[in-house]
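Below: the structure, in structure tokens.
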Amino acid sequence: MKRILVMVLKNLIHVPYVAVYILLYARENDRHSDQQKYDFLKKVVNYANRGGNVKIVSSGQELLPEKNGFILYPNHQGMYDMLAIIDSFGRPLSAILKKEVANVPFVKQIRKIMRALPMDREDVRQSMKVILQAAKEVGEGRNYVIFAEGTRSRNGNQLLDFKGGSFKAAMKAKCPIVPVALINSFVPFDSHSLETVTVQVHYLKPIPYEEYKDMKTNEIAVMVKERIQQKINEETKVKSYGTE
């Protein structure tokens, strides 16, 4: 919480600009392009990173499919996950968010700008409706982020089990799956230090539909989790990233 306060205080000069454009871009039937809106979000994230002494390092963008219409499946470490992805990902994308945060002030407007979909994990029918909607949009060329753990891991860089149901959207869209390894994304908001922290984002080799089409969703979940955990283990053994 200390870092969030400092982040806000250092960016007070930008608050009027950010507030105006959030309200503008979050309007129903806003005519600005998705890329214009996404570029704005990247600028806001840049303000947050500088104000909060957070450095984002990333790799693997060259592995991303050239054609839009795929789903990123990152591990889930905390509130900074989406900021790190937006900072390192150049194309507009949407996300599936849990309903508990979907209507929080500011988050609600960002959700509208990203065209993110709120999901009620306790309502099977509503959850399936969201999965089908996401699959439809992915099939039309939109990129999505889905956190397959369902909730944030509280064990640092160790992953929770990935939920098979999260991969139904990819199965229905018949799209590439892109595993994403997030490292130390929990540190900015979980640590009490204000020292500079480095968050890593690694985009791994996409998994084409042909590779997973005959697998069960639970099997896909295990495969994606193992690839992400392997990358995290490799990176954390090579160099310890944390506060500098």
Side-chain angles (χ1 to χ4, degrees), residues 3 45 49 52-65 70-90 93 95-98 143-171 175-193 195-212 214-244:
R3 193 183 298 269
V45 171
N49 289 339
N53 295 326
V54 180
K55 179 182 178 182
I56 308 294
V57 296
S58 59
S59 70
Q61 286 92 337
E62 74 280 359
L63 299 174
L64 293 169
F70 54 87
I71 302 178
L72 304 176
Y73 283 95
N75 53 307
H76 193 12
Q77 296 194 332
M79 293 171 60
Y80 222 86
D81 296 349
M82 279 305 304
L83 277 70
I85 291 172
I86 290 172
D87 180 89
S88 59
F89 191 81
L93 79 167
I96 292 180
L97 305 175
K98 58 184 180 181
N143 305 316
Y144 258 83
V145 176
I146 298 178
F147 293 99
E149 287 168 286
T151 188
R152 59 171 292 187
S153 168
R154 295 186 181 275
N155 295 314
N157 291 314
Q158 295 300 312
L159 277 57
L160 300 175
D161 287 337
F162 280 28
K163 299 182 183 300
S166 301
F167 294 89
K168 290 181 180 179
M171 287 287 284
C175 70
I177 289 172
V178 180
V180 183
L182 298 175
I183 300 176
N184 282 358
S185 186
F186 64 94
V187 177
F189 290 158
D190 284 4
S191 71
H192 297 293
S193 171
E195 296 297 316
T196 300
V197 60
T198 299
V199 175
Q200 298 183 59
V201 185
H202 299 281
Y203 298 95
L204 308 186
K205 183 179 178 181
I207 306 170
Y209 175 67
E210 290 71 26
E211 185 176 334
Y212 69 82
D214 296 322
M215 299 173 65
K216 296 179 180 178
T217 53
N218 287 337
E219 295 173 334
I220 301 171
V222 171
M223 175 178 64
V224 173
K225 176 188 174 182
E226 288 179 347
R227 294 188 185 189
I228 293 174
Q229 189 68 69
Q230 180 180 359
K231 181 63 175 178
I232 290 174
N233 293 343
E234 291 173 357
E235 292 296 324
T236 52
K237 284 180 182 177
V238 171
K239 185 174 182 179
S240 177
Y241 284 90
T243 56
E244 299 178 343

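A quick note: this is a predicted structure, and the numbers were derived from the prediction, not measured.
- A pairwise comparison of heavy atoms in Leu182 and Asn157 identifies O-OD1, 4.1 Å as the closest pair.
- Side-chain contact between Ser191 and Val197 is absent, with no heavy-atom pair separated by less than 4.5 Å.
- Here the closest non-hydrogen pair linking Asn75 and Asp81 is O-OD2, 3.9 Å.
- Judged purely by atom type and a 3.5 angstrom limit, Arg3 has no side-chain atom pairing as donor or acceptor with the backbone of Asp190.
- Counting heavy atoms from C-beta on, the side chains of Gln230 and Glu234 come closer than 4.5 Å.
- Between the side chain of Gln229 and the main chain of Ala181, no donor-acceptor pair closer than 3.5 Å is present.
- The only member of Val145, Ile177, Leu204 that meets side-chain contact (heavy atoms from CB on, under 4.5 Å) when paired with Leu72 is Val145.
- Ile85 is listed as a side-chain neighbour of Leu93, based on a closest heavy-atom distance under 4.5 Å.
- For the pair Tyr209 and Met171, the tightest heavy-atom approach, listed with the atom from each and the gap, is CE1-O, 4.0 Å.
- Just one residue in the list Tyr212, Tyr203, Phe167, Tyr144 forms a ring pair (Phe, Tyr, Trp, His ring centres under 6.0 Å) with Tyr73, and that residue is Phe167.
- Between the CD1 atom of Ile220 and the CG atom of Asp214 there is a distance of 10.0 Å, given to the nearest 0.5 Å.
- Applying the ring pair (Phe, Tyr, Trp, His ring centres under 6.0 Å) test to Phe147 and every residue at least two apart in sequence or in another chain returns His76.
- Within the 3.5 Å criterion, the main-chain N or O of Ile183 finds no donor-acceptor partner in the side chain of Gln200.
- Closest of all the heavy-atom pairs between Val224 and Pro179 is CG1-CB, 4.1 Å.
- Here Lys231 contributes atom NZ and Lys205 contributes atom NZ; the two are 13.5 Å apart, rounded to the nearest 0.5 Å.
- With hydrogens and angles ignored, the 3.5 Å screen pairs no side-chain donor or acceptor of Asn53 with any backbone N or O of Glu195.
- When all heavy atoms of Asn49 and Tyr80 are compared, the pair lying nearest together is OD1-OH, 2.6 Å.
- Pairs engaging residues 160-171 under the side chain to side chain donor-acceptor pair (under 3.5 Å) rule: Asp161-Lys225 [sequence neighbours left out].
- Within the 4.5 Å cutoff, side-chain heavy atoms of Phe70 are placed close to those of Leu64.
- Under the salt bridge (charged side-chain N to carboxylate O under 4.0 Å, His left out) criterion, Glu226 pairs with no residue at all, not counting sequence neighbours.
- Proximity of Ile232 to Leu159: side-chain heavy atoms (C-beta onward) are separated by under 4.5 Å at one or more points.
- Among all heavy-atom pairs drawn from Ser88 and Ala84, the shortest one is OG-O, 3.0 Å.
- Note: Gln77 CD to Leu160 CG = 10.5 Å, rounded to the nearest 0.5 Å.
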inquiry  = Run Ile207 and Arg227 through side chain to side chain contact (heavy atoms under 4.5 Å, CB included) and show every step you take.
reply    = CA-CA 11 Å; Ile207 306 170; Arg227 294 188 185 189; 3.3 Å; yes
